[in-house]
Amino acid sequence: SEVDTYLDDMEAKGFNAGAEAIFGYRAEEVAGRPLGMLLPEGVIETHRKHVQSFGLSPERARAMAGRAQLLGRRKAGTLFRVEAGLSKRSEGGATVYTAVVRDITLRVAQEARIERLTQLYAVLSGINSAIVRIGDERALYAEICRIAVELGKFTSAWVGTFDARS
């Protein structure tokens, strides 16, 4: 998705179909309106400073990755994770900045899920290893709990046994 703007007024000048889909606005709802409507509250000045810094640099394009978590704001007011790149060009004597924005909400969720599954795999692998090498039942249970908390990032863990006689 693309959003075009001028630095002097920080107003949206262009808004393509991809931006409409991501942000939930029609192009005519955004044209001439402050860019801040697409950003989380309280970051517009920081955003302006980053754009000014980019404007003074010799770079023609810059990925906005590597910065702290980037967020966009949808028409409904909800915030979502974005990946963005910024480019600049001269148009009629003025510098026009174009932001290419990608909604990465699904990717971030998938990465978090993969990370969690990787932790769980490490727990299972550690427990399997403990079962093979530890002969004492109490020591085994203690090791299983340690593995679950340290590797699995569980807040607590316990092992119980079932006594059919009770």
Side-chain angles (χ1 to χ4, degrees), residues 1-3 5 12 15-25 30 35-55 57-88 97-166:
S1 69
E2 288 187 7
V3 179
T5 188
F15 203 70
N16 72 7
E20 288 180 332
I22 289 174
F23 290 99
Y25 289 99
V30 177
L35 189 61
M37 68 191 285
L38 306 175
L39 302 171
E41 291 185 23
V43 302
I44 190 68
E45 278 310 307
T46 302
H47 178 75
R48 180 189 296 274
K49 288 176 184 172
H50 285 302
V51 174
Q52 282 175 330
S53 168
F54 171 60
S57 77
E59 298 171 278
R60 301 302 301 163
R62 176 185 289 179
M64 294 171 70
R67 302 199 189 287
Q69 171 173 275
L70 295 176
L71 298 171
R73 182 171 43 165
R74 297 187 203 283
K75 184 177 183 178
T78 57
L79 301 180
F80 63 103
R81 293 285 306 271
V82 299
E83 180 177 81
L86 194 58
S87 65
K88 62 185 174 186
Y97 297 88
T98 300
V100 177
V101 181
R102 178 178 293 129
D103 181 345
I104 61 169
T105 304
L106 181 59
R107 184 177 83 201
V108 169
Q110 289 170 337
E111 288 170 354
R113 183 170 188 263
I114 289 168
E115 182 178 332
R116 184 68 182 143
L117 290 172
T118 300
Q119 284 177 330
L120 291 175
Y121 177 76
V123 168
L124 291 175
S125 178
I127 289 171
N128 284 336
S129 174
I131 290 169
V132 169
R133 63 185 166 75
I134 299 174
D136 179 66
E137 189 174 358
R138 286 196 181 276
L140 175 61
Y141 294 160
E143 180 66 1
I144 287 170
C145 291
R146 185 196 66 75
I147 290 168
V149 170
E150 290 181 13
L151 294 180
K153 308 293 187 229
F154 290 92
T155 55
S156 63
W158 65 272
V159 176
T161 59
F162 175 72
D163 185 353
R165 297 171 291 171
S166 334

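It should be emphasised that the depicted structure is a prediction, and the values quoted were computed from it without experimental measurement. Computed from heavy atoms alone, side chains included, the values below leave out hydrogens, waters and symmetry copies. For the single chain, residues carry numbers from 1 onward in sequence order.
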Checklist entry - If you round to the nearest 0.5 Å, how far is OG1 of Thr78 from CG of Leu71? => result 10.5 Å

Checklist outcome for this item: When rounded to the nearest 0.5 Å, the distance separating CZ of Arg81 from CG of Leu79 is 11.5 Å

Checklist entry - How many angstroms lie between CD1 in Ile22 and CG in Leu38, if you round to the nearest 0.5 Å? => result 10.5 Å

Checklist entry - If you round to the nearest 0.5 Å, how far is CD of Gln69 from CD1 of Ile104? => result 8.5 Å

Checklist entry - When rounded to the nearest 0.5 angstrom, what distance separates CG in Leu70 from CZ in Phe80? => result 11.0 Å

Item to check | Distance, nearest 0.5 Å, that separates CG of Asp136 from OH of Tyr141 | outcome: 10.0 Å

Next on the checklist: Tell me whether Arg73 contacts the main-chain N or O of Gly36 through its side chain, where contact means a donor paired with an acceptor under 3.5 Å.
Outcome noted: yes

Next on the checklist: Donor-acceptor check, side chain of Arg116 to backbone of Gly152, threshold 3.5 angstrom: yes or no?
Outcome noted: yes

Checklist entry - Step by step, would you call Glu45 with Lys49 a salt bridge (Lys or Arg N to Asp or Glu O under 4.0 Å)? => result CA-CA 6 Å; Glu45 278 310 307; Lys49 288 176 184 172; 5.6 Å; no

Item to check | Heavy-atom side-chain contact between Gln110 and Leu106 under 4.5 Å | outcome: yes

Next on the checklist: Taking side-chain contact (heavy atoms from CB on, under 4.5 Å) as the definition, give me every residue that meets it alongside Arg60, ordered by chain and number, with sequence neighbours left out.
Outcome noted: Lys88, Arg89

Next on the checklist: Classify the ring geometry of Phe15 against Tyr25: parallel below 30°, tilted from 30° to 60°, perpendicular beyond 60°.
Outcome noted: perpendicular

Checklist entry - So do the side chains of Phe23 and Val101 get within less than 4.5 Å of each other, counting heavy atoms only? => result yes

Checklist entry - Taking side chain as C-beta onward, heavy atoms only, is Leu86 less than 4.5 Å from His50? => result no

Item to check | Audit row: Arg165, Asp163, salt bridge (Lys or Arg N to Asp or Glu O under 4.0 Å) steps and yes/no | outcome: CA-CA 5 Å; Arg165 297 171 291 171; Asp163 185 353; 3.2 Å; yes

Item to check | With Val149 via side-chain contact (heavy atoms from CB on, under 4.5 Å) - residues at least two apart | outcome: Ala157

Checklist entry - Side-chain contact, heavy-atom cut-off 4.5 Å: Glu143 with Arg146? => result yes

Checklist entry - Should Asp103 and Arg74 count as side-chain neighbours, where that means a heavy-atom distance under 4.5 Å? => result yes

Using a 3.5 Å cut-off and no angle test, enumerate the donor-acceptor pairs between side-chain atoms of residues 120-131 and protein atoms at least two apart in sequence or in another chain.
unit_1: Asn128; atom_1: ND2; unit_2: Leu124; atom_2: O; d: 3.4
unit_1: Ser129; atom_1: OG; unit_2: Arg133; atom_2: NE; d: 3.4

